[in-house]
Amino acid sequence: MSNLRNTLDSPIEYLKGVGPIKGDMLKKELGIHTFGDLLRSFPFRYVDKTKFHKIRDINNESNAVQLKGVLRRMETKGDGRAKRLVGRFRDDTGVIELVWFKGVYFLEKNLAIGKEYVVYGKVNSFRGQLNIPHPEIEELKAETTKKASSFAPVYPSTDKLNAKGLDAKGRRKLMMTLMEKIAPSDLPENLPDYILAKFKFPPHFKALVDIHFPKNQRDLDRATSRLKFEELFFLQLRLLQIRRRRKDSVRGHIFGLIGENFNRFFNEKLPFELTGAQKRVLKEIRKDLGSGVQMNRLLQGDVGSGKTMVGLMSMLMALDNGFQACLMAPTEILARQHEIGITEYVEGLDIKVGFLSGTVKGKKRVKLLEELAAGEIDILIGTHALIEDPVVFKNLGLAITDEQHRFGVKQRAKLWAKSQPCPPHILVMTATPIPRTLAMTLYGDLDVSVIDELPPGRKLVTTVHRTENHRMRVFGFMREQIHLGRQVYMVFPLIQESEKLDLKNLEEGYEVISREFPIPKYQVSIVHGKMKAKDKQFEMERFVKGKTQIMIATTVIEVGVNVPNASVMVIENTERFGLSQLHQLRGRVGRGADKSYCILMSSFKLTTEGRERIQTMVNTSNGFEIAEADLRLRGPGNIEGTQQSGILNFRIADLARDGRILQTARELAARILDDDPQFARSEHARLRLFYDKNARQFRVWSRIS
Ligand code: ADP
Ligand code: MG
């Protein structure tokens with residue numbers, strides 16, 4: 001063991017005031033294992049302990065308030081889930097109720113009537129009465145007032161932590177203890193001087209002290225921007241380094257030839273003129289494929305921008321050079337759609353398309369795998385069944401994933417192993433646009449192509465918001481459209497946590513529709529994720545072939561379904577869908593010659609955020625704008641599919657707000673890697689040191705893509 005061990009590596013239980021029990025708690029609840037972890041668990045806000053509101057001045061417009069007063073009465077009311085603790089809190093101007101639904105037992109035991117407290121919380125109005133639900137409450141002590149600071153840090157906490165004395169005050173005390181333990185030498189500078197100077201950043205140590213105990217707003221702002229920058233900068237430096245190293249060391253199959261498949265397809269088969277954007281992206285891809293370096297490219301484009309065609313034509317390049325290609329989709333339905341579409345496109349050419357998913361079993365599967373290994377299948381399309389170990393290609397040259405942030409890192413890595421001596425070229429297509437900041441992070445080590453142009457003649461889908469009291473008129477409109485020969489989608493949410501209830505809604509919806517649109521005049525299809533693949537397939541086909549006029553479905557139809565005759569999309573409980581999902585759903589209509597409509601149904605009562613999201617859909621049809629709005633309104637953690645990705649667990653940076661910092665950090669990182677890739681210059685010695693020390697953390701990132 002080295003005796004040069006940094007104080008920050010000390011186990012958290014050794015900090016005075018922690019010990020084994022609290023230590024365990026901090027590890028389990030907050031992932032804080034060392035002094036350093038504690039130092040890097042930042043406050044999520046600060047309270048101004050010098051300023052208090054008067055109860056008299058509070059009204060239902062008040063937001064968060066801080067009060068100083070005496071706890072008067074306390075009683076528990078209701079029982080079961082409605083059980084709550086109600087306290088009456090008085091200052092010299094009035095009285096207000098404090099209400100807790102959780103932690104009642106603990107609070108009852110620890111709060112004392114007649115004592116002075118400081119209360120902080122958001123004001124709520126319930127039946128005309130003002131109260132403060134779940135306020136933070138802390139005993140008013142001489143210390144609180146004497147040392148009163150206008151920036152007392154508040155840390156995220158849980159009921160369990162509170163119960164062990166690690167509440168707001170307890171955490172603050174721990175931080176103070178820690179501050180006494182550490183010195184600037186524990187936190188050597190990790191950013192080059194010229195960056196510090198350029199942005200007037202405080203030194204590393206000062207920034208970490210100030211983020212916890214800032215003296216004033218200016219210090220806090222500076223510490224915040226430095227720590228945000230630092231977090232984003234090191235991630236970008238790492239991602240760009242991975243990209244660079246891969247380009248330097250991972251060789252790729254060379255597709256130098258444009259041959260018969262591509263040319264015949266282009267001249268005889270391609271049913272339309274490619275858009276300018278499609279042409280540009282194909283050129284970018286072709287350049288990659290001919291370079292001798294493995295391609296790792298992200299293809300972004302709005303719903304309906306024609307990514308599949310670009311994918312297909314790239315696959316033809318692989319075929320022309322004697323290689324196989326595969327296309328992997330996130331769902332069975334989408335994979336089938338691709339198979340049907342692509343088989344149709346290449347009909348008449350000497351190309352064999354195969355399909356593989358979990359539903360391909362027995363002899364059929366054995367035969368398919370044999371043909372694949374023998375090189376008789378040129379293009380394999382399927383679900384993630386493609387990457388399972390028994391699936392062996394003869395010579396896979398290009399692997400395309402059509403994804404919705406659904407394929408994990410590990411899955412993409414498995415694709416790499418499917419080809420020797422070098423890995424296949426990889427093209428990742430996103431189903432919907434993702435915000436720029438998210439793309440730079442989740443796919444920050446990939447090259448990016450963007451299709452920023454829709455094929456000509458696309459008609460805007462008229463989008464409206466309707467509530468339950470418009471229901472009959474919406475049905476009337478559906479009837480009108482059906483009588484004009486159109487078809488209608490009706491989509492219900494299906495969220496795992498409330499699956500049973502959702503299925504019930506869907507079935508009720510089906511009943512209502514069956515009543516309002518009776519057979520034999522109308523035919524209705526129903527499709528949801530819980531059905532057998534075969535039944536799903538059957539129902540889909542009926543709709544695709546126009547045998548049914550209404551398709552009731554969960555989001556399984558979100559991607560891929562292409563029925564140009566469908567002109568109305570009705571979405572139920574719109575407020576429960578994510579924006580990109582809604583955008584994807586709306587993209588199912590407006591594919592034919594007819595004017596199309598998207599009707600967003602919701603309950604009358606909506607949260608502000610819910611209303612804003614629906615309004616965004618009504619206002620714009622630009623997928624990139626919608627993605628940005630989604631990020632702003634719900635934060636990166638709520639964007640579909642990103643949760644599993646540890647890479648988004650920032651300590652302080654916020655992708656929804658820190659786009660400019662991210663951009664700057666990425667540019668600087670790129671410049672450093674261009675000028676001094678080995679960090680050989682003295683001004684970059686700190687970068688190398690920091691990397692070496694944090695190697696463990698960075699290893700996680702290198703497994704991406
Ligand atoms: P997405 O980018 O959403 O995957 P698709 O590849 O499914 O889009 O294309 C949507 C539709 O547009 C398909 O029916 C496709 O045939 C058609 N399409 C693609 N490119 C063009 C083009 N250049 N001109 C006209 N139609 C096109
Ligand atoms: Mg697509």
Side-chain angles (χ1 to χ4, degrees), residues 265-285 297-316 325-347 379 381-383 400-407 427-434 439 448-461 540 544 555-567 569 580-594 596 598 621-624 626-627 640-641:
F265 179 80
F266 190 79
N267 295 324
E268 298 167 26
K269 292 279 166 191
L270 188 61
F272 37 68
E273 168 94 6
L274 293 175
T275 62
Q278 282 172 316
K279 286 184 198 159
R280 191 190 66 238
V281 169
L282 269 169
K283 265 190 207 141
E284 288 165 357
I285 291 172
R297 189 167 279 281
L298 173 70
L299 175 55
Q300 281 224 67
D302 210 337
V303 181
S305 61
K307 295 183 290 284
T308 311
M309 185 49 71
V310 170
L312 170 61
M313 292 177 76
S314 312
M315 293 200 279
L316 297 180
C326 71
L327 170 58
M328 187 161 77
T331 65
E332 168 98 18
I333 287 180
L334 180 53
R336 282 281 180 199
Q337 287 276 329
H338 277 314
E339 186 217 9
I340 294 165
I342 286 177
T343 306
E344 218 168 273
Y345 276 134
V346 301
E347 210 192 304
I379 294 178
I381 296 173
T383 59
I400 302 182
T401 63
D402 192 6
E403 64 184 55
Q404 213 171 20
H405 324 307
R406 276 186 192 159
F407 290 117
L427 183 67
V428 177
M429 307 196 293
T430 62
T432 47
I434 52 178
V448 181
S449 288
V450 180
I451 304 187
D452 49 6
E453 181 185 353
L454 292 180
R458 282 291 151 77
K459 295 196 188 65
L460 235 59
V461 177
M540 294 290 267
V544 172
T555 41
V556 289
I557 64 149
E558 189 181 317
V559 276
V561 179
N562 190 18
V563 182
N565 190 49
S567 68
M569 167 67 65
S580 66
Q581 248 181 334
L582 291 172
H583 181 57
Q584 184 75 39
L585 284 169
R586 181 167 60 183
R588 299 305 101 201
V589 295
R591 299 185 154 229
D594 311 297
S596 295
C598 177
S621 58
N622 180 317
F624 285 91
I626 289 171
E640 215 185 332

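Each ligand, and each atom within it, is numbered from 1 in the order the structure gives.
Counting heavy atoms from C-beta outward, Asp302 and Leu454 have side chains that approach closer than 4.5 Å. Looking at Ile626 and Pro433, their side chains never come closer than 4.5 Å, going by heavy atoms from C-beta outward. Taking the side chain as every heavy atom from C-beta outward, Met429 and Ile451 never approach each other to under 4.5 Å.
Listed by number with element, the atoms of ligand 1 under 4.0 Å from a non-hydrogen atom of Thr275 are 23 (N). Taking a cut-off of under 4.0 Å to the non-hydrogen atoms of Leu274, the atoms of ligand 1 that pass are 23 (N). Residue Gly304 has at least one heavy-atom neighbour below 4.0 Å for each of these atoms of ligand 1: 1 (P), 2 (O), 3 (O), 8 (O), 10 (C). Of all atoms in ligand 1, numbered sequentially from 1 with element shown, those under 4.0 Å from a heavy atom of Glu273 are 22 (C), 23 (N), 24 (N).
Checked by atom type and distance alone, the side chain of Lys307 never pairs as donor or acceptor with a backbone atom of Gln300 at under 3.5 Å. Using a distance-only test at 3.5 Å, with no hydrogens or angles considered, no donor-acceptor pair links the side chain of Glu284 to the main chain of Ser449.
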Check your understanding: Between Gln581 and Thr432, is a side-chain contact (heavy atoms from CB on, under 4.5 Å) present by the stated rule, with each step listed?
Key -> CA-CA 8 Å; Gln581 248 181 334; Thr432 47; over 6 Å; no

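Protein heavy atom closest to atom 22 (C) of ligand 1, with residue, atom name and distance, is Phe272 CD1, 3.2 Å. Here the protein heavy atom with the shortest distance to atom 16 (O) of ligand 1 is Tyr345 OH, 2.8 Å. The closest protein non-hydrogen atom to atom 4 (O) of ligand 1 is Thr308 OG1, 3.4 Å. For atom 14 (O) of ligand 1, the closest non-hydrogen atom of the protein is Asn562 ND2, 3.7 Å. Closest protein heavy atom to atom 17 (C) of ligand 1: Arg458 NH2, 3.8 Å. The nearest protein atom to atom 8 (O) of ligand 1, hydrogens excluded, is given as Gly306 N, 3.2 Å; this is a heavy-atom distance. Of the protein's non-hydrogen atoms, the one nearest atom 20 (N) of ligand 1 is Gln278 NE2, 3.0 Å.
Less than 4.0 angstrom separates atom 10 (C) of ligand 1 from at least one non-hydrogen atom of the protein.
No N or O atom of Val303 sits closer than 3.5 Å to an N or O atom of ligand 1.
Residues Leu299 and Leu427 approach most closely at CB-CD1, 4.1 Å, considering heavy atoms. Across all non-hydrogen atoms, the minimal contact from Thr275 to Pro456 is CG2-CD, 4.3 Å.
For Asp302, the closest heavy-atom approach to ligand 1 falls below 4.0 Å.
For Glu268, the CD atom counts as densely surrounded, since its 6.0 Å shell holds more than 12 non-hydrogen atoms of other residues, nucleotides or ligands.
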